[in-house]
Amino acid sequence: MQPTTGTIITRADAVKFEGNIRQQAPPLPPLRSRTLANLSYTEKGSIENANYKATFYEAAWDGGRSIVRDLFYKDTDTWNWVAINNVAERL
């Protein structure tokens, strides 16, 4: 008889497994698809080079928080930063 590994990786492991298999809860949907009550952003910092910039924010809402970002590229005609994403796309 083969020893029980406790971890099912292959079909062979499944055959020799003698324990109970626990079902995991499905992952939560993406933040952008949820309703986040009292959502607010606090800028935490940014990094940039000559052509690109990323600005990072802490997004906080009732019951959670996450780090999100805005991305920009440098317009070579005006030398202004142009947003790649909008506020709704931060999450």
Side-chain angles (χ1 to χ4, degrees):
M1 182 152 106
Q2 296 180 352
T4 300
T5 63
T7 303
I8 297 176
I9 299 172
T10 65
R11 287 188 116 172
D13 289 330
V15 169
K16 64 185 176 183
F17 183 76
E18 298 172 3
N20 294 322
I21 299 173
R22 287 178 289 152
Q23 195 75 309
Q24 292 184 344
L28 294 171
L31 288 176
R32 129 177 2 162
S33 67
R34 297 188 230 165
T35 300
L36 304 175
N38 297 316
L39 176 63
S40 64
Y41 297 102
T42 304
E43 187 172 333
K44 293 297 183 176
S46 69
I47 54 175
E48 65 182 77
N49 63 21
N51 299 311
Y52 300 97
K53 178 169 80 167
T55 302
F56 298 91
Y57 302 87
E58 179 181 38
W61 61 92
D62 292 349
R65 68 179 63 194
S66 184
I67 299 295
V68 296
R69 55 49 184 163
D70 284 339
L71 299 174
F72 303 86
Y73 70 92
K74 183 77 65 123
D75 183 318
T76 55
D77 293 328
T78 64
W79 295 105
N80 292 324
W81 291 113
V82 178
I84 294 173
N85 59 289
N86 60 42
V87 173
E89 295 170 328
R90 280 182 184 164
L91 299 173

Between [X] and [Y], is there a shared hydrophobic cluster once you connect ILVMFWY residues whose side-chain heavy atoms come closer than 4.5 Å?
X	Y	value
Tyr52	Leu71	yes
Ile47	Ile67	yes
Val87	Phe72	no
Leu36	Tyr41	yes

To the nearest 0.5 Å, what is the distance between [atom1] on [X] and [atom2] on [Y]?
X	Y	atom1	atom2	answer
Ser40	Tyr57	OG	OH	13.0 Å
Arg90	Leu31	CZ	CG	13.5 Å
Trp81	Lys74	CH2	NZ	4.5 Å
Arg69	Glu89	CZ	CD	9.0 Å
Thr35	Asp62	OG1	CG	12.0 Å

Would you check if Tyr73 and Ile84 make a side-chain contact, meaning some heavy-atom pair closer than 4.5 Å?
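The answer is yes; the side chains approach within 4.5 Å.
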Is the number of heavy atoms from other residues, nucleotides or ligands under 6.0 Å of Arg34 CZ greater than 12?
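Correct, the count exceeds 12.
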Heavy-atom closest contact (Ser33 atom, Pro30 atom, distance):
OG-O, 2.8 Å
